[in-house]
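Heads up: numbering here begins at 1 and tracks the sequence.
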Amino acid sequence: MARFRHLCLATSLLLGCAPARAPGPSSKEAPGALDRLRHEADHARWHYVVTAEDDLEDLVIEASLEGAASPRLGVDRPAERFLYGVEVLRDDAWRPALVDDGEVVIPDCQRRCRLRYRFALRAAAEQLRDEEVADWEGGTALSPPSAWLLRPPDRGVPYVFRVPQRPSGLSFVSGVWPDAQAAGAFGGDSADLWRSPYSAFGRFRREQIAVAGSQLEVAIAGEPSAIDAAATLAWIDHAAKIVAGYFGRFPLPRALVLVVPRRGQRIGGRQIGGGGAAIILQVGEQAGPMHFARDWVAVHEMIHLAVPAMPRRHLWLTEGLATYVEPLARARRGELPVATVWRDMLRGMPHGLPEEGDEGLDRTATWGRTYWGGALFALTADLAIREQTGGAKSLDDALRAVVQAGGHNGVSWPMRRFLAEADRGTGTRVLSELYAKWSVTPVTVDLESLWEALGVHVEAGGEVRFDDEAPRAALRRALTQPRDPTD
């Protein structure tokens, strides 16, 4: 028989329990807030109210769960190490919950249960240093709800949570979908409550950017901001318009863009989706309009928003498409020289070729195959679509069709649906047939012959030379030509 113990936070992460302090809500209003949320969002079966302490040491969470398929509740690992003081309301009294192998065991939740507990947010953020679980950046705690919302492993269950803003100005931002029926709340399907979109607690400058009927919620961490906020917002707005122009619309109705200042001039970014969508942009405190003007990161990350969330073995698809599409989209607007596009392709594409031991894109998760292997797949598909349709269709149309069908980073799709919608947009089976071969087989492309046929060469000094008499030169030119905005 498994041995049970009361859930506690190991202060040394080796032995001992969390500091002795009341496990319940730090605010007298929290229990009432949970009851109000249950009333407002009666469509949900799991309800949570999350109170962040002003120093961000702890989150105090109260929950009401019903109809759980399993009595075992958990969070994203290794966040379970930072949960403590878990209690369940039974017979009008709060009683300690039991835990087995890092999971809380509450049989009552298979009917209905009410529980409360704490999550040591700051300790988790400073020790884990993982923005997909918990991280700490200059007074801001990055931690998605999948790290601190205890839940059973059920799928298909509607959930909702609210994080009330504190009088001190401390607030919460999240890429999780806002709940349509409960103002100020977030929620969705429990299937998306594992590695959910980026979220953060702290003090932010918050702005709304409208683009092509969609809304970007921009949250710049830090108060006051250490970066040029006006230039940063203009940069994000411009990148969003480039992406909307490529896809014919912005890929999804709402996304969070969390801007985190850091030292220096460099700009970096990451994105995550499923049950909502969020982008983190790390912006150097010394970055200004000149740096933003030549940056590719924001466009690259926003292109990811057009690809539905999929199992990790398909990461090459989303990274490869962003690697391929980003320079084309910028070149078509005259913001990147065409010669630069092709020089980078000629330098980068060889990294995408299979090496010894390769088992296809789905089975070979190296850097080269993930980014440049995916980009080579995209280039091959784009050229094939254009040739099969006499130039009437392209990869643009395939990706636009996915977006038009409701495919974006905020939803989860199987690969077969993505391929079916993409091929429907071109009237071909190019993507499905290429995927069937490339996903499990190390397909090699003769790049020297391809560049020769496209009429593109890089001289010894790095200068790009084009041959417009080459047999596929028209295809090469078409890739960077602006698309008719009325199309």
Quiz prompt | Side-chain donor/acceptor of D423 to backbone N/O of A420, under 3.5 Å | solution = no

Exercise. Please confirm whether W367 and H351 have ring centers closer than 6.0 angstrom.
Key: yes

Quiz item: Is D382 reaching over with its side chain to a backbone N or O of L395, donor-acceptor style, under 3.5 angstrom?
Solution: yes

Practice problem: Answer yes or no: are there more than 12 heavy-atom neighbours, outside R155 itself, under 6.0 Å from its atom CZ? | Solution: no

Practice problem: For residues L399 and L321, determine if any side-chain heavy atom of one lies less than 4.5 Å from a side-chain heavy atom of the other. | Solution: yes

Practice problem: State, to 0.1 Å, how close V403 and P251 come at their nearest heavy-atom pair, and which atoms those are. | Solution: CG1-O, 3.8 Å

Practice problem: Starting from the C-alpha separation in whole Å, work towards a yes-or-no answer on side-chain contact (heavy atoms from CB on, under 4.5 Å) for T370 and T364. | Solution: CA-CA 8 Å; T370 298; T364 310; over 6 Å; no

Self-check item: Sidechain N-carboxylate O distance under 4.0 Å for E301, R270
Solution: no

Quiz prompt | Heavy-atom side-chain proximity of L383 to L454 below 4.5 angstrom | solution = yes

Self-check item: Side chain proximity check, V464 to V338, heavy atoms < 4.5 angstrom
Solution: no

Quiz item: Testing L258, L305, L256 for side-chain contact (heavy atoms from CB on, under 4.5 Å) with I279, which one passes?
Solution: L305

Exercise. Starting from the C-alpha separation in whole Å, work towards a yes-or-no answer on salt bridge (charged side-chain N to carboxylate O under 4.0 Å, His left out) for E463 and R465.
Key: CA-CA 7 Å; E463 183 180 353; R465 177 174 59 83; over 6 Å; no

Quiz item: Between the side chains of D467 and H457, is a donor N or O closer than 3.5 angstrom to an acceptor N or O?
Solution: no

Quiz item: Is the closest side-chain heavy-atom distance between V259 and I227 below 4.5 Å?
Solution: yes

Practice problem: State, yes or no, whether a side-chain contact exists between F186 and P145 at a heavy-atom distance under 4.5 Å. | Solution: no

Quiz item: Are R254 and Q215 close enough that a side-chain donor and a side-chain acceptor fall under 3.5 Å?
Solution: no

Quiz prompt | Residue pair R262 / G268: nearest heavy atoms and the distance that separates them | solution = NH2-N, 3.6 Å

Quiz item: In terms of side-chain heavy atoms, does D135 have a donor or acceptor partner in Y198 at a distance below 3.5 Å?
Solution: no

Quiz item: Hey, what do you get for CZ (R162) to CG (L37), rounding to the nearest 0.5 Å?
Solution: 5.0 Å

Quiz item: Closest heavy-atom contact between H47 and A41?
Solution: NE2-O, 2.8 Å

Quiz item: Quick one: do the W316 and D362 side chains pair a donor with an acceptor below 3.5 Å?
Solution: yes

Self-check item: Check against side-chain contact (heavy atoms from CB on, under 4.5 Å), V297 and L281
Solution: CA-CA 8 Å; V297 172; L281 294 176; 4.1 Å; yes

Quiz item: Are the side chain of H291 and the backbone of G288 linked by a donor-acceptor contact shorter than 3.5 Å?
Solution: yes

Quiz item: Will you find, in the side chains of D76 and W194, an N or O donor that is under 3.5 Å from an N or O acceptor?
Solution: no

Quiz item: If every non-hydrogen atom of L431 is compared with every non-hydrogen atom of A422, which pair is closest and at what distance?
Solution: CD1-CB, 3.5 Å

Quiz item: Is there a side-chain contact between F201 and V163 (heavy atoms, below 4.5 Å)?
Solution: yes

Practice problem: Measure the shortest side-chain to side-chain distance between V133 and S146 over non-hydrogen atoms and say whether it is less than 4.5 angstrom. | Solution: no

Quiz item: Can you tell me if T323 and W372 form a side-chain donor-acceptor pair at under 3.5 Å?
Solution: no

Quiz prompt | Member of V443, L376, D446 meeting the side-chain contact (heavy atoms from CB on, under 4.5 Å) criterion with L353 | solution = L376

Quiz item: Is there a donor in the side chain of H238 and an acceptor in the side chain of E335, or the other way round, less than 3.5 Å apart?
Solution: yes

Quiz prompt | Pair Y324 and F377, ring centroids less than 6.0 Å apart | solution = no

Self-check item: Check ion pair R369-E355 (N to O, under 4.0 angstrom)
Solution: no

Practice problem: Calculate, to the nearest 0.5 Å, the distance between atoms CG and CZ belonging to D396 and R386 respectively. | Solution: 5.5 Å

Quiz item: Does D468 come within less than 4.0 Å of R476, counting only side-chain N to carboxylate O?
Solution: yes

Quiz item: Passes side-chain contact (heavy atoms from CB on, under 4.5 Å), Y84 versus F119? Steps please.
Solution: CA-CA 6 Å; Y84 71 101; F119 179 72; over 6 Å; no

Quiz prompt | Test: R118 and E53 ion pair at under 4.0 Å | solution = yes

Quiz item: Regarding R129 and the six-membered ring of W136, is the cationic atom NZ or CZ under 6.0 Å from the ring centre and inside 45° of its axis?
Solution: no

Quiz item: Taking atom types as modelled, is there a side-chain donor on D189 or Y159 under 3.5 Å from an acceptor on the other?
Solution: no

Exercise. Go through the side-chain N and O atoms of H304 and E319 and say whether any donor and acceptor fall under 3.5 Å apart.
Key: yes

Quiz item: Would you call T340 and P327 a side-chain contact if the rule is heavy atoms closer than 4.5 Å?
Solution: no

